[in-house]
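What follows is a set of notes on a single structure, which appears directly below.
Each residue takes its place number in the sequence, starting with 1. Computed from heavy atoms alone, side chains included, the values below leave out hydrogens, waters and symmetry copies.
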Amino acid sequence: MKIFTALFTTILLGVSHGAIASDFSSLDSDKDGFISKSEAAHSESLLKVFDLLDSDKDGKLSKKEFHQ
């Protein structure tokens, strides 16, 4: 479990340097208040962790999920 936690933290830190540098508004290109997987594809680092961040598994990221 410690290994999983460390790996998850490392991944999220990687996102903070890549995807979160791109702010939510710029990634939400259709301005519906969510980032879809196709919108996330514009950020390679966000796309890599999209499924981990999508905590409710609805196929899109809310602002809350994006900033976890």
Side-chain angles (χ1 to χ4, degrees):
M1 188 65 175
K2 287 182 181 181
I3 293 172
F4 176 76
T5 303
L7 178 60
F8 186 72
T9 302
T10 302
I11 290 169
L12 288 180
L13 288 174
V15 171
S16 68
H17 292 293
I20 295 178
S22 302
D23 65 47
F24 185 91
S25 297
S26 66
L27 290 168
D28 179 18
S29 59
D30 64 5
K31 306 301 179 207
D32 67 350
F34 297 94
I35 299 173
S36 66
K37 207 162 201 173
S38 63
E39 289 169 324
H42 296 287
S43 170
E44 185 178 331
S45 57
L46 178 58
L47 191 58
K48 287 180 182 178
V49 295
F50 186 92
D51 292 328
L52 291 173
L53 295 176
D54 183 15
S55 58
D56 62 4
K57 305 301 179 206
D58 65 353
K60 56 189 176 184
L61 299 179
S62 65
K63 278 189 178 185
K64 182 178 178 182
E65 289 171 322
F66 181 78
H67 290 292
Q68 311 185 46

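Interatomic distance, NE2 of His42 versus OG of Ser26, reported as 10.5 Å (0.5 Å rounding).
For Glu39 (side chain) and Asp28 (main-chain N/O), no donor-acceptor pair under 3.5 Å exists by modelled atom type. In this structure a side-chain-to-backbone donor-acceptor pair under 3.5 Å is missing from Gln68 to Leu52. Distance alone, capped at 3.5 Å, places no donor-acceptor pair between the Lys48 side chain and the Ser43 backbone.
The two residues Leu46 and Ala40 have their closest heavy-atom pair at CD2-CB, 3.9 Å. Of all the heavy atoms in Leu61 and Phe50, the pair that sits closest is CG-CE1, 3.4 Å.
Using a 4.5 Å cut-off on side-chain heavy atoms (C-beta onward), Lys60 and Asp54 make no contact.
Few gaps surround NZ on Lys57; more than 12 heavy atoms of other groups in view lie less than 6.0 Å from it.
Classification of the Phe24-His67 ring pair by plane angle, with boundaries at 30° and 60°, yields tilted.
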